[in-house]
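Labels below follow one simple rule: chain letters A, B, ... track the order of the sequence lines, proteins then strands, and each chain is numbered from 1. The model shown is predicted, which means the values in this text are computed figures rather than measured ones.
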Amino acid sequence: MKPKVAFFDFTGCEGCQLDALNLDAGEVIDLLNAVDIVNFREVKTERADDYDIAFIEGSISRESEIPRLQKIRAQAKIVIALGACAGIGGINCLKNHLSMDEARQIVYGKDAKYYDTIPARPVNAVVTVDYYVRGCPPVTAELVKVIKALLLGKKPDIPNYPVCVECKMAGNVCVFERGMTCLGPVIRAGCDAICVTSGRRCWGCRGLVNDPNLDSEKDILKKYGLTVEQVVEKFKIYNTYAEVTK
Amino acid sequence: MNQVNINVHIDLTRIEGHGHVVMRASDGKIEELLWEVVESPRFFEAMLRGRHYDDVAHIASRICGICSIAHTTCSLQATEAAFGIQPSEQTLLLRKLLYDAELLESHVLHALFLAAPDFLGADSVFPLVATHKDVVVMALRLKKLAYNLAEALAGRKTHPLSCTVGGFARLPDPADLKVLKKKLKDALVDLDTTVKLFKTLSIPDFTRETEYIALKDPKEYAFISGQIASTDAGIVPVDKYLEVTNEFCVPHSTAKYTRNKRDSYMVGALARFNNNYDQLSPRAKKAAKELGLSAPCHNPFMITVAQVVETIHALEDSINLIDKILARGLKEENNAVKVRAGRGIGAVEAPRGILFHDYTYDANGILTKANCIIPTNQNHNNIQKDLEALAPRVLNQPEDKIRLTLEMLVRAYDPCVSCSTH
């Protein structure tokens, strides 16, 4: 029996699901030989309520999403948070810095009353998550790696060291040396430091490593004349949920 | 024969985001018919407030996972307009090329993965792997090529990285562009195959004339430049966009609705085709002719055909742009940004239609106010009006046929629902 896989989207941009299709033809055919995709609303009409592995995309931002997610958890043997919104709350949590009434007022003005919303939160704030495919968007190769590991009954091996390690291996000039702030020293690797390699800096979309060395981050800030506040402003973009709940 | 009572509740699939068609009819009369947009809003206009200009496009890109290059480009334009920055010719050429990559990927995704299964009698692209393997392999190859082009220019396609306020933080490698040019040229054959496939599909015959709105640039088929053109109202400058969009809220949609000269208007591939047909490449025009598409066309089901035509235009355009970029040579430019207080408006043609970002910044480059008007949020009202015109014509058909026809209409718009709600 092939395992039945389902994809579900909550509050987000659906880019994670889309990137899941960014595979070579051979990989798609291999994947379809190994699993049955029974639920994938973005690309498939028929759907089933019987599945083993549930990928959850998006954060939880409406009251009605909570029972929907609980039902999926009750059905699935394995729940995987796909992407930053599902995994760490992601940018949707930027609205949590406002009252929900303020946010509704800014967007909908006099019609705000029609539109419900609650502070955005990651999937694990509502139900237990078994595995994470991190990033905004996730790296497709990592998604494939996770699926392969699960098919073999193994635990996916995701790095628990900071982005700086991969950034150095990529041969990049340190972002701090270029006079910008960077979250690389405390954020989980696995992205090959793609943002820095592309000329930018780390925004923190993969979330903190398990035991971030905050003292070392503070030393770096001091060395480059930056304040904790400056970095917190950047940290907020993806990691507001972690910041607020700490 | 008319069914006595018809209750249809369609939870739309094979579209980006969440929407329902609800229809209730009895004795051949429609009592209720609604296109409901139930997507959970993310409140981007609220989330962007207080952010530093250098993070704004990064955040705004996340409005949409499919058209993140359009949102990034529009966001950069708005910020540059606010600061009085005029991007260099090199930057504009690279942005256009990046834009072609997104259009190619997005249109192929819709035409071959999301819309085609309806015509080939499948529920998704997955069973087509067995029945139409060549088409699926070709579609994946085209998508991958578009991804690779975007990767060479911006690090990746979904949520691009290298494009920044004022320019590019990292320039592409000319050697990569040369390889890509060859692959793009080879892909022209794949598009011939796509045209051949679409020639065999029977597109529903339904017309309802509406107002068609798209960017127009006297120099080229407009994607990232020009003024607002309407088939009813003529040319309107971009800074008067609010006079065209006239957004309003309806309780059954978390996305706002718009209207201009009529009850509703259409944006997207067919609106561009109707406004700018003359500027399409010869090969794209030839494909349009072969596919029975001529301007003006008032059949919304032909949006997908217009996308196929635009894909050919974008592919040829990308080959020409690479030639131009390589002939000029790539040079490191000074992208230093001088911040000032002010307001700026960006306008681009996202794959699904005209998109506006309107930002106000304080003197420190912190965003104080944002407004984003999304292609699909402009199309929602037109989808509703089309459904109202189409449903009475199919009421005497079996319920599953009614459902399929209404679904196909919504799907033809290639709606990007989460983007429209943002």
Side-chain angles (χ1 to χ4, degrees), chain A residues 9-19 21-25 28-29 32 37 40-47 58-59 61-62 64-65 85 90-92 94-95 97-98 102-111 114-117 120 136-137 180 194-195 197-200 203 233-234 237, chain B residues 11 13-18 39-52 54-55 58-59 62-66 68 109 113-114 117 123-126 129 133 136-137 140-141 143-144 147 154-162 164 168-170 248-251 254 256 407 418-419:
Chain A
D9 40 55
F10 286 75
T11 303
C13 76
E14 300 194 5
C16 305
Q17 286 188 61
L18 185 75
D19 269 17
L21 290 173
N22 178 28
L23 299 168
D24 289 324
V28 173
I29 291 161
L32 292 177
I37 296 177
F40 198 156
R41 193 199 43 77
E42 193 170 358
V43 295
K44 184 176 174 350
T45 299
E46 296 298 322
R47 55 190 116 182
S59 53
S61 301
R62 268 199 306 208
S64 61
E65 292 178 330
C85 294
I91 64 152
N92 289 336
L94 277 173
K95 85 163 187 227
H97 295 283
L98 303 165
E102 258 178 294
R104 295 195 306 167
Q105 187 63 36
I106 289 169
V107 172
Y108 293 111
K110 66 178 175 48
D111 298 303
Y114 298 138
Y115 307 103
D116 291 335
T117 192
C136 180
M180 291 187 283
I194 184 177
C195 297
T197 304
S198 300
R200 309 302 296 279
W203 275 276
E233 270 307 298
K234 302 296 176 194
I237 293 176
Chain B
D11 185 357
T13 58
R14 279 187 277 132
I15 61 167
E16 195 283 343
H18 298 251
E39 186 72 30
S40 174
R42 287 166 290 159
F43 297 88
F44 268 93
E45 281 94 345
M47 295 199 295
L48 285 167
R49 283 198 187 183
R51 306 318 311 169
H52 184 260
D54 195 34
D55 297 323
H58 185 91
I59 296 168
R62 269 82 188 159
I63 289 175
C64 186
I66 302 183
S68 55
L109 173 75
F113 284 12
L114 308 184
D123 91 300
S124 76
V125 71
F126 302 132
V129 174
K133 192 174 169 186
V136 178
V137 169
L140 284 165
R141 184 166 61 227
K143 253 174 73 71
K144 193 85 189 175
Y147 263 87
R156 67 184 174 208
K157 198 206 84 70
T158 307
H159 307 318
L161 291 162
S162 305
T164 62
F168 276 71
R170 188 212 56 167
F248 60 101
C249 294
V250 291
T254 52
K256 293 173 190 172
E407 247 180 84
S418 53
C419 184

For each of [options], tally heavy-atom pairs with chain B at distances under 4.5 Å, and name the one with the top tally.
{"options": "A:Arg62, A:Gln17, A:Glu46", "value": "A:Arg62"}
{"options": "A:Ile37, A:Thr45, A:Leu18", "value": "A:Thr45"}
{"options": "A:Val107, A:Ile91, A:Asn22, A:Asp9", "value": "A:Asn22"}

What part of [X] lies closer than 4.5 angstrom to a heavy atom of chain B: side chain, backbone, both or neither?
{"X": "A:Cys136", "value": "both"}
{"X": "A:Phe10", "value": "backbone"}
{"X": "A:Leu32", "value": "side chain"}
{"X": "A:Arg47", "value": "side chain"}
{"X": "A:Glu233", "value": "both"}
{"X": "A:Asp111", "value": "side chain"}
{"X": "A:Ile194", "value": "both"}
{"X": "A:Thr197", "value": "backbone"}

Top contributor to chain A contacts, counting heavy-atom pairs under 4.5 Å, from [options]:
{"options": "B:Arg141, B:Arg62, B:Lys256, B:Lys157", "answer": "B:Arg62"}
{"options": "B:Val136, B:Val125, B:Thr164", "answer": "B:Thr164"}
{"options": "B:Leu109, B:Ile59, B:Asp55", "answer": "B:Asp55"}
{"options": "B:Lys133, B:Arg156, B:His58", "answer": "B:His58"}
{"options": "B:Arg51, B:His52, B:Glu407, B:Lys143", "answer": "B:Arg51"}

Chain A contact via [X] - side chain, backbone, both or neither, heavy atoms under 4.5 Å:
{"X": "B:Leu48", "value": "neither"}
{"X": "B:Val137", "value": "both"}
{"X": "B:Cys419", "value": "neither"}
{"X": "B:Ile63", "value": "backbone"}

Can you classify the ring geometry of B:Phe43 versus A:Tyr108 as parallel (below 30°), tilted (30 to 60°) or perpendicular (above 60°)?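 B:Phe43 vs A:Tyr108 ring planes: perpendicular.
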Kindly indicate whether the side chain of [X], heavy atoms from C-beta on, has any atom under 4.5 Å from the side chain of [Y].
{"X": "B:Arg49", "Y": "A:Leu98", "answer": "no"}
{"X": "B:Asp123", "Y": "A:Lys44", "answer": "yes"}
{"X": "B:Ser418", "Y": "B:Arg42", "answer": "yes"}
{"X": "B:Val250", "Y": "A:Tyr114", "answer": "no"}

Interatomic distance, [X] atom [atom1] to [Y] atom [atom2] [nearest 0.5 angstrom]:
{"X": "A:Glu14", "Y": "B:Ile15", "atom1": "CD", "atom2": "CD1", "value": "8.5 Å"}
{"X": "A:Ile29", "Y": "B:Leu140", "atom1": "CD1", "atom2": "CG", "value": "8.0 Å"}
{"X": "B:His18", "Y": "A:Glu42", "atom1": "NE2", "atom2": "CD", "value": "9.0 Å"}

Is a donor from one side chain sitting under 3.5 angstrom from an acceptor on the other, for A:Asn92 and A:Thr11?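 Absent: no donor and acceptor within the cut-off.
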Ignoring hydrogens, what is the shortest heavy-atom contact between B:Ala46 and A:Ala103? Give both atom names and the distance. CB-CA, 4.1 Å
With the threshold set at 4.0 Å, does a side-chain nitrogen-carboxylate oxygen contact exist between A:Lys95 and A:Glu102? no
Ion pair check, B:Asp54 and A:Arg200, cut-off under 4.0 Å: yes
